[in-house]
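Have a look at the structure below before the remarks.
Model, not experiment: these values are computed from the prediction.
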Amino acid sequence: MTRFMRKVRKTDGCWFWEGVTAGSNARYGYFRPGTRPNDPKVPAHRWLYTQLVGPIGEGMEIDHLCRTKLCVRPDHLEPVTHAENRK
């Protein structure tokens, strides 16, 4: 957890991911939970959500309620269906 949180800048609102990003215009943050270079990267917001809140149901996506894709603050995230996330 410490290694992850070193890449987060907390504000009174969002917790901004400042580690590796991917996607057009660096939309999402990614974190490598393992320590080996070949270990897979996972979406940072999903990783922290599962660590602090719990599992994300199968087929569910995480909606950023704050509309900030680099935010990893768990209370700004909500598991929703793909259809709901597209609204």
Side-chain angles (χ1 to χ4, degrees):
M1 181 70 73
T2 300
R3 191 166 54 90
F4 181 95
M5 293 307 290
R6 278 186 280 190
K7 300 173 190 300
V8 175
R9 179 175 47 87
K10 289 183 177 181
T11 69
D12 290 340
C14 292
W15 295 1
F16 294 97
W17 178 253
E18 295 188 334
V20 173
T21 59
S24 60
N25 298 321
R27 293 181 60 201
Y28 293 97
Y30 284 85
F31 176 65
R32 188 182 318 272
T35 56
R36 287 180 257 162
N38 291 336
D39 289 339
K41 293 178 193 164
V42 296
H45 61 287
R46 290 180 66 92
W47 187 84
L48 191 61
Y49 187 91
T50 60
Q51 298 301 305
L52 298 181
V53 178
I56 300 166
E58 188 173 333
M60 300 296 276
E61 299 178 359
I62 293 291
D63 184 18
H64 290 80
L65 301 173
C66 58
R67 296 295 173 241
T68 303
K69 302 301 181 194
L70 289 175
C71 181
V72 297
R73 185 173 174 163
D75 62 343
H76 286 199
L77 308 174
E78 176 182 46
V80 296
T81 64
H82 178 70
E84 181 66 25
N85 201 19
R86 306 252 332 146
K87 290 182 182 178

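- Here W47 contributes atom CH2 and L52 contributes atom CG; the two are 7.5 Å apart, rounded to the nearest 0.5 Å.
- Here the straight-line distance linking atom CD of Q51 with atom CE of M5 works out to 11.5 Å at 0.5 Å rounding.
- H64 contributes a side-chain N or O that, together with a main-chain N or O of C71, makes up a donor-acceptor pair within less than 3.5 Å.
- When atom types are taken as modelled, the side chain of R3 and the backbone of P33 share a donor-acceptor pair closer than 3.5 angstrom.
- For the atom pair R46 CZ and L77 CG, the distance stands at 10.5 Å (nearest 0.5 Å).
- There is no path of hydrophobic side-chain contacts, each under 4.5 Å, that joins V8 to L65.
- A pairwise comparison of heavy atoms in T68 and C14 identifies OG1-SG, 3.9 Å as the closest pair.
- Using a distance-only test at 3.5 Å, with no hydrogens or angles considered, a donor-acceptor pair links the side chain of R32 to the main chain of D39.
- Looking at R73, its side chain never comes within 3.5 Å of a backbone N or O of K10 through a donor-acceptor pair.
- Both W15 and V42 are assigned to one and the same hydrophobic cluster, defined by single-linkage of ILVMFWY side chains at heavy-atom distances under 4.5 Å.
- In terms of heavy atoms, G29 sits closest to W17 at CA-CD1, 3.2 Å.
- Of all non-hydrogen atoms in M1 and L48, the two that sit nearest each other are SD-CD1, 3.7 Å.
- Between E18 and the options K7, R6, R9, a side-chain hydrogen bond (donor to acceptor under 3.5 Å, both in side chains) holds for only R9.
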Worksheet item: Does the pair I62 and E78 meet the rule for a side-chain contact (heavy atoms from CB on, under 4.5 Å), with working shown?
Response: CA-CA 5 Å; I62 293 291; E78 176 182 46; over 6 Å; no
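- The minimum heavy-atom distance linking I56 with P79 is given by the pair CG2-CB, 4.4 Å.
- Note that NE2 of H45 and OH of Y28 are 6.0 Å apart. Values are rounded to the nearest 0.5 Å.
- Within the structure, salt bridge (charged side-chain N to carboxylate O under 4.0 Å, His left out) contacts touching residues 54-64 (residues at least two apart or in different chains) are D63-R67.
- Classification of the F31-F4 ring pair by plane angle, with boundaries at 30° and 60°, yields perpendicular.
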